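To keep things clear, I will list the structure first and then write my remarks on it.
The structure presented is a predicted model; accordingly, all values stated were derived computationally and were not measured. Here, residue 1 is the first one in the sequence, and each next residue gets the next number.
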Amino acid sequence: MAQQDMGDLQSQIDEIEALSSIYGDEWCVIDEASRIFCIKISDSSDNPKWTACLQTILPPDYPSRAPPLYQINAGWLRGPERMELSNRLEEIYLENAGESILYLWVEKIREFLVEKCHSSDSVEESELRKTTLTEEEDDGDEGDLLDYSMLKITEQAHLFVDHIRDEELPEIKHGEAITDKRSTFQPHLAMVVTPKQVRLVLDKLYENKKIASATHNIYAYRIHCEDKNTFLQDCEDDGETAAGGRLLHLLQILDVRNVMVVVTRWYGGILLGPDRFKHINNCARNILVQEGYTDSPEEAAKGGGRSKKPRGKKTK
């Protein structure tokens, strides 16, 4: 096992050196000790129209047994387009299992951007891209860098398909919407016990054209692995910078398990500033209470501040 781990480490070192040489200043080391890296990718070197940032964490058993953990940050990349790109990266991993794949991923993302550049020259898409980014820029948010502290505590926090057994689509619950200044937030919840079920839930939600065309679909999930007493957990901003990490933090504070929460936002054209994060978390908390994963604030207050046991769904 130690020999295999050393082999993985050497493969990572060789791959990082090669990528740094190939991409130069576009390649960035975030935390070498924790194996966290990012690269800015664009559709062309001259006057790029579409850009994305691929951020990765290399697990100790990559590439021999596990894929990199990754996040693609791009304010314009949402819904079905994000899912399509994720599927393309997944195919590359499955076709090259056990091999170094970061270069293939980078070039596949670049190919995706070039395709989008050729197919989306309309004024409408340009305006949509500006609108999506406006609120983030106005608030002076942290930018596109992911809060990696969320990912460091996960174990295999990726959405690659589990081929070991077939999975059933969990029942998806929909919560009450919150509307503020013409922006609407609606939560969705499903009980999940495997990463593949997370993907199934997303696929099902995106079949709804209204949800698929929303400005953002932010989600987070936590899956408890009882045998190891660890959690599979991850989150997605979907263009709303830092919202996914905040949503995952809420799930962690409430210590809920085996649950996925998605908050859909339709932007109404009026900036909400930090209030949008309050609405996202309130939506999530409301549906967790609705489905019995946690107590309402009133019930918690009656409990006198006593610490609660970790919560899955209440049995009825």
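Heavy-atom contacts from other residues, nucleotides or ligands closer than 6.0 Å to CD of E176 number 12 or fewer.
Note that NZ of K108 is 4.0 Å distant from CD of E111, once rounded to the nearest 0.5 Å. Between atom CD1 of residue I172 and atom CE of residue M191 there is a gap of 12.5 Å, rounded to the nearest 0.5 Å. Note that CG of L247 and CG of D237 are 10.0 Å apart. Values are rounded to the nearest 0.5 Å. Taken to the nearest 0.5 Å, the CD1 atom of I223 stands 12.5 Å off from the CZ atom of R257. A distance of 5.5 Å separates NZ of K40 from OG1 of T51, quoted to the nearest 0.5 Å. The line from CG of L104 to CD of E95 is 9.5 Å long, rounded to the nearest 0.5 Å.
Listed by chain and residue number, nothing satisfies the side chain to side chain donor-acceptor pair (under 3.5 Å) test with N96 (two or more places apart in sequence, or in another chain). Taking the salt bridge (charged side-chain N to carboxylate O under 4.0 Å, His left out) definition, one finds that E99 meets it with nothing, sequence neighbours left out.
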Hey, mind stepping through Q55 and Y70 against side-chain contact (heavy atoms from CB on, under 4.5 Å) and telling me if it holds?
CA-CA 6 Å; Q55 302 167 351; Y70 76 94; over 6 Å; no
What verdict does the salt bridge (Lys or Arg N to Asp or Glu O under 4.0 Å) test give for E168 and K196, after you've listed the backbone C-alpha separation in whole Å, the side-chain angles of each residue and the deciding distance to 0.1 Å?
CA-CA 9 Å; E168 292 186 2; K196 186 177 180 182; over 6 Å; no
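The residues D43 and K116 are annotated as not salt-bridged, no charged nitrogen and carboxylate oxygen being separated by less than 4.0 angstrom. Between E171 and K173 there is a salt bridge, since a side-chain N of the basic residue sits under 4.0 Å from a carboxylate O of the acidic one. A salt bridge does not link K181 with D275: none of the charged nitrogens is closer than 4.0 Å to a carboxylate oxygen.
Evaluation of the salt bridge (charged side-chain N to carboxylate O under 4.0 Å, His left out) test over residues 202-216, restricted to residues two or more places apart or in two chains, returns K204-E207.
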